[in-house]
Amino acid sequence: MEKIQRILIATDFSPRGERAVQRAALLASEHAAELYLLHVLPTLPLEVFKHLIAETPLETEQRLYNRAKIALQGRAEMLASKGIRVKHHVAIGRAHLEINRCAQSHHADLIVIGDQGESFAREFFLGTTASKTLRTGHHPLLIVKQESRDKYKHVLVPVDFSKNSLNALEMALKVMMDASIHVLHVVEMPLGQKMKQAGYDADRVDHYREEMLTHAREGMEKIVSDYVHGGRRVASIIEYGRAPDTIREKTQALDIDLIVIGKRGQTELDEALFGSVTKHILYETPCDVLVVNP
């Protein structure tokens, strides 16, 4: 399978940004990929300059730009000393627009960005850089939450057999070349509960449950046949339950350090942002999350 060739890492020089840089560097080394290091300097509003006497807006912006460029160059040189091919750029504008623009112009295979710290779960759906980048872009986005000390070892890919979830599996196999991949399908029984409430007997409900399980097994067998090649370590898991709860439980039980999920599954983009399963994963799991756009 083709390797990742170009990775864009957006950093704001914060600790979470530095975690993302380290993860991007690990991936770049693993794939022998070129790394594009990006910092976006926001356009300063006029109010900022009301208390600046000695400088004009242009002078202040230039000073901030020069500082950012020096800081970014220092990180680029550090990465280059490890044998990574690095380019760096300071852009001025709105972060998510510049990130997607840079990813598009450099034909990036992957964007890497840090999470939003302790308030990530709350802020993600209120318009952070990560959410806006996902909402307006078309590139896979890796959101780094944890320290990056080693390659990913255990990857979880929830699938619902939709095209978008299969794209996520394909991306997981492409990006994580040495990790063990756990493909999870959760069989939910909302109709089964309604059947019980409507007075259907247990045998009828059990028959319906068995049909769903058979469908899931056939789907998993096809996934393994179509997508898994070359002796990759892939385990298929089928569980009954509620998808977000099961994903969270499996993340803990299997010591998962990365979840790869499609931006949309069978459910269309909802009013808040994404499908509910994706939202719960971003809220409730401690590991890194790679969201694959359709």
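Looking at residues two or more places apart in sequence or on another chain, you find a side chain to side chain contact (heavy atoms under 4.5 Å, CB included) between T214 and E210, E218. Every residue two or more places apart in sequence or in another chain that forms a side chain to side chain contact (heavy atoms under 4.5 Å, CB included) with S236 is listed here: M220. When the ring pair (Phe, Tyr, Trp, His ring centres under 6.0 Å) test is applied to H182, no partner is found at least two apart in sequence or on another chain. By the side-chain hydrogen bond (donor to acceptor under 3.5 Å, both in side chains) test, E239 is found to be paired with K250, residues two or more places apart in sequence or in another chain being considered. Every side chain to side chain contact (heavy atoms under 4.5 Å, CB included) that D178 has, sequence neighbours left out, goes to E30, K151. For R248, the salt bridge (Lys or Arg N to Asp or Glu O under 4.0 Å) partners two or more places apart in sequence, or in a different chain, are D245, E284. When the ring pair (Phe, Tyr, Trp, His ring centres under 6.0 Å) test is applied to H106, the partners found at least two apart in sequence or on another chain are Y36. The ring pair (Phe, Tyr, Trp, His ring centres under 6.0 Å) search around H39 returns F13, not counting sequence neighbours. Not counting sequence neighbours, the partners of D12 by the side chain to side chain contact (heavy atoms under 4.5 Å, CB included) test are S14, R16. For K163, the salt bridge (Lys or Arg N to Asp or Glu O under 4.0 Å) criterion is met by no residue, not counting sequence neighbours.
No donor-acceptor pair closer than 3.5 Å links the side chain of S225 to the backbone N or O of E221. For D109 (side chain) and Q5 (main-chain N/O), a donor-acceptor pair under 3.5 Å exists by modelled atom type. A donor-acceptor contact shorter than 3.5 Å is absent between the side chain of T246 and the backbone of V186. Of the possible donor and acceptor atoms, one in the side chain of N293 sits under 3.5 Å from a partner among the backbone N and O of H139.
Here the side chains of L110 and R6 are not in contact, with every heavy-atom distance at 4.5 Å or above. With a 4.5 Å cut-off on side-chain heavy atoms, L169 and V260 do not count as touching. No side-chain heavy atom of L26 sits under 4.5 Å from any side-chain heavy atom of D150. Residues I7 and E34 fail the side-chain proximity criterion, which asks for heavy atoms closer than 4.5 Å. Side-chain atoms of R23 and E147, non-hydrogen and from C-beta on, never get closer than 4.5 Å to each other.
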Show me the side-chain donor-acceptor pairs of residues 86-94 shorter than 3.5 Å, one per line, residues at least two apart or across chains.
none

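Rounded to the nearest 0.5 angstrom, I113 CD1 and I9 CD1 are separated by 7.5 Å. The distance from the CD atom of Q104 to the CD1 atom of I111 is 9.5 Å, given to the nearest 0.5 Å. Considering NE2 of H215 and CZ of F161, their distance stands at 5.5 Å, rounded to 0.5 Å. Considering OG of S148 and CG of D288, their distance stands at 6.0 Å, rounded to 0.5 Å. Taken to the nearest 0.5 Å, the CG atom of D257 stands 7.0 Å off from the OH atom of Y152. Between L254 atom CG and H154 atom NE2 the span is 8.5 Å, to the nearest 0.5 Å.
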Practice problem: Take L258 and V289, measure what side chain to side chain contact (heavy atoms under 4.5 Å, CB included) needs, and give me the verdict at the end. | Solution: CA-CA 6 Å; L258 175 68; V289 180; 5.7 Å; no

Practice problem: Would you sort out whether K153 and D255 count as a salt bridge (charged side-chain N to carboxylate O under 4.0 Å, His left out), showing the intermediate values? | Solution: CA-CA 9 Å; K153 296 179 180 178; D255 195 24; over 6 Å; no

Quiz item: Checking side chain to side chain contact (heavy atoms under 4.5 Å, CB included) for the pair V292/I261: CA distance, chi angles, key distance, verdict?
Solution: CA-CA 6 Å; V292 180; I261 190 167; over 6 Å; no

Self-check item: Check against side chain to side chain contact (heavy atoms under 4.5 Å, CB included), R19 and K145
Solution: CA-CA 8 Å; R19 288 197 299 268; K145 302 182 185 182; 6.0 Å; no

Practice problem: Before giving the answer on side chain to side chain contact (heavy atoms under 4.5 Å, CB included), spell out for V183 and I237 the whole-Å C-alpha distance, their side-chain angles and the decisive distance to 0.1 Å. | Solution: CA-CA 6 Å; V183 184; I237 306 169; over 6 Å; no

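P158 approaches L156 most closely through the heavy-atom pair CD-O, 3.6 Å. Scanning both residues, L290 and L142, for their nearest heavy atoms gives CD1-N, 3.7 Å. Across every non-hydrogen atom of T136 and H96, the tightest pair is OG1-CD2, 3.6 Å. Residues A108 and L8 approach most closely at CB-CB, 4.1 Å, considering heavy atoms. In terms of heavy-atom proximity, I256 sits nearest to C287 at O-CB, 3.6 Å. Nearest heavy-atom pair across A24 and L35 is CB-CD1, 3.8 Å.
Of the residues listed (I223, V155, L173), the one engaging V234 in a side-chain contact (heavy atoms from CB on, under 4.5 Å) is L173, and it is the only one.
Within the structure, salt bridge (Lys or Arg N to Asp or Glu O under 4.0 Å) contacts touching residues 64-83 (residues at least two apart or in different chains) are E18-R75.
Follow the hydrophobic side-chain contacts under 4.5 Å out from L37 and you never reach L97; the two are in separate clusters.
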